[in-house]
2 protein chains.
Amino acid sequence: MTTTSAKEETLAVRISRILAERIVAGEIEPGTRLRQDHVAEEFGASHVPVREAFRRLEAQGLAVSEPRRGVRVASFALSEVREVAEMRAALEVLALRHAAPHITPAILDAAEEATKAGDKSRDVREWEEANRRFHRLILTPCNMPRLLAAIDDLHAASARFLFTTWRSSWEARTDHDHRAILAALRQGQADQAAAILARHVQWIGQRPVKTPSGATRDAFAIVG
Amino acid sequence: MTTTSAKEETLAVRISRILAERIVAGEIEPGTRLRQDHVAEEFGASHVPVREAFRRLEAQGLAVSEPRRGVRVASFALSEVREVAEMRAALEVLALRHAAPHITPAILDAAEEATKAGDKSRDVREWEEANRRFHRLILTPCNMPRLLAAIDDLHAASARFLFTTWRSSWEARTDHDHRAILAALRQGQADQAAAILARHVQWIGQRPVKTPSGATRDAFAIVG
DNA sequence: ATAGTAAAAATTATCTATAATTTTGAATTT
DNA sequence: AAATTCAAAATTATAGATAATTTTTACTAT
């Protein structure tokens, strides 16, 4: 997600950001058509910036577009969840390898705080926010903007799967992986930390879930 | 204009593809402003599809856009070249691991052909085409569309660096890495193939080069 | 001469309007 | 009753026009 300053944000960027949040949160079901005039009306805009927003969502993998047939919310199969998880593992490991030498004790403390916040979380949304904060904290020092942007998009996709599955039912749990990663980093064992991270990100849960429309289907989520 | 497009390709897609080719080929220098009305006029279109094309280029990392200040061709520093190379290594290794079990002898033969074509190439463009064909052939069987799309974008970025550097001066050379990768795959040694691929993709050459505007600067390129 | 400032030109971002295409739904036929 | 066809409605894609902003240029003052 390319974040521009809130004030100097173009209309297309704002629209795409808000639509992305809704799709990730599971408020709009996969396959739902996004109709440009409806979206335009909602935001009090014309459809030109809406179309640009659609192109952004498309690039993020949150929407798919067919010429002359419009745009719909991207669907996802188990295979795609796995794909995103494996890509995250590969890229986060790369980022951590480069970040490790630049991670300060202050960063590790902040990451510890994020882990605690995750353990205390009351719902999925809270947990996801803390989890993303943890990952961002330990990866950002790699100083590779393109890599971090790619990881951000994959995180959004992961969060989508997560929210779809644990929409209402959520019970806090202590995140042993996060603590193990921090312990390894504190001891300067970057390889060990990377290995745990790789496994951690690919943890996939699976359970039946109710869709917003009432149907029941098999769902799954990455929880790392 | 006559909107009877022979293909089912939208105008925005065609414009972004052609602009991407130019940027990758080094025909437009980094930092050059892309002015929507000029582009629109050239393609005989209005600026709406042009703006959409710009959003696509932005997502591919080939252009950068600032609100109200327009879009310019993305510049690149050595650090960014390295970043792309490392991302490619991480993702191509992942793709190869999944592709390996599904690679048939016919695919390996085709990849061998691509390698030979690369060895015979008379200019960079020819070599790059053969090189990309080789990588696509051995990676496509992984059957992970999102991963392959990400790799494609990284290839485009790599090609950009390559063309900038070896624009005119090119001498063919036999690609030992490609042959070693194929040999390992023929013997069912996927890990070995992946290891060579990872190193191969990160090979970075460095040399002084003349820019289109006449200046001389240090350039570099991934050649794998 | 150089720096600062204001008017002019160019450019971006958006809106309104129009053409083309697809989807929907009813009427007709098998 | 099911399938097919054709017209109407909805929707997408593009064009043309307008307002806002930035960049450039020219002018003035030091």
Mind calculating the distance between [atom1] ([X]) and [atom2] ([N]) to the nearest angstrom?
| X | N | atom1 | atom2 | result |
| --- | --- | --- | --- | --- |
| A:Gln36 | C:dT18 | CD | C1' | 14 Å |
| B:Arg56 | D:dA13 | CZ | C1' | 15 Å |
| A:Leu11 | D:dA20 | CG | C1' | 14 Å |
| B:Phe43 | D:dA13 | CZ | C1' | 17 Å |
| B:Glu66 | D:dT22 | CD | P | 11 Å |
| B:Asp37 | D:dG16 | CG | P | 12 Å |
| B:Glu41 | D:dT14 | CD | P | 18 Å |
| A:Glu52 | D:dA13 | CD | P | 14 Å |

Look at the side chain of B:His47 and the base of D:dA17, then say whether one donor and one acceptor between them are separated by less than 3.5 Å.
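Checked by distance alone, the answer is yes.
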Check this for me: does the side-chain of A:Arg35 come within 3.5 Å of the base of D:dT11 through a donor and an acceptor?
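Under the 3.5 Å cut-off, the side chain and the base do not form any donor-acceptor pair.
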Return the orientation label for the A:Phe134 and A:His178 ring planes: parallel under 30°, perpendicular over 60°, tilted otherwise.
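A:Phe134 vs A:His178 ring planes: parallel.
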Residues two or more places apart in sequence or in another chain: which of them pass salt bridge (Lys or Arg N to Asp or Glu O under 4.0 Å) with A:Arg125?
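Applying salt bridge (Lys or Arg N to Asp or Glu O under 4.0 Å) to A:Arg125 gives none.
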Which residues share a salt bridge (Lys or Arg N to Asp or Glu O under 4.0 Å) with B:Lys116, sequence neighbours left out:
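Testing B:Lys116 for salt bridge (Lys or Arg N to Asp or Glu O under 4.0 Å), a comparison that skips the adjacent residues, returns B:Glu113.
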What residue pairs, at least two apart or across chains, pass salt bridge (charged side-chain N to carboxylate O under 4.0 Å, His left out) with a residue in residues 134-162 of chain B?
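Listed once each, the pairs are B:Arg136-B:Asp152.
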Suppose we screen for side-chain hydrogen bond (donor to acceptor under 3.5 Å, both in side chains). Which residues come up paired with [X], at least two apart in sequence or across chains?
| X | result |
| --- | --- |
| A:Arg97 | A:Asp191 |
| B:Arg22 | B:Glu42 |
| A:Asn143 | none |
| A:Arg69 | none |

If each of A:Val71 and B:Arg68 is mapped to the nucleotide of DNA chain D with the nearest heavy atom, which maps nearer the 5' terminus, i.e. the 5' end?
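The residue whose closest nucleotide sits nearer the 5' end is A:Val71.
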Tell me the bend of the helix from C:dA1-D:dT30 to C:dT30-D:dA1 as the angle between end helix axes, each from five pairs, rounded to the nearest 10 degrees.
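End axes: 10° apart.
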Could you give the distance from CG (B:Asp175) to CD1 (B:Ile181), rounded to the nearest 0.5 Å?
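Here the interatomic distance stands at 8.0 Å.
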Is there any protein nitrogen or oxygen under 3.5 Å from a nitrogen or oxygen in nucleotides 23-25 of chain D, and what are the pairs?
residue	atom	partner	partner atom	Å
D:dT23	OP1	B:Arg69	NE	2.7
D:dT23	OP1	B:Arg69	NH2	2.6

Looking only at side-chain atoms of A:Thr10, point me to the closest of C:dT22, C:dT14, C:dT12.
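For A:Thr10, the side-chain atoms sit closest to C:dT14.
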D:dA15, OP1 or OP2 - any side-chain N/O from B:Ser46 closer than 4.0 Å?
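Yes, within the criterion.
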Taking the nucleotide of DNA chain C with the closest heavy atom to each, which residue, A:Pro49 or B:Gly70, is nearer the 5' end?
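The answer here is B:Gly70.
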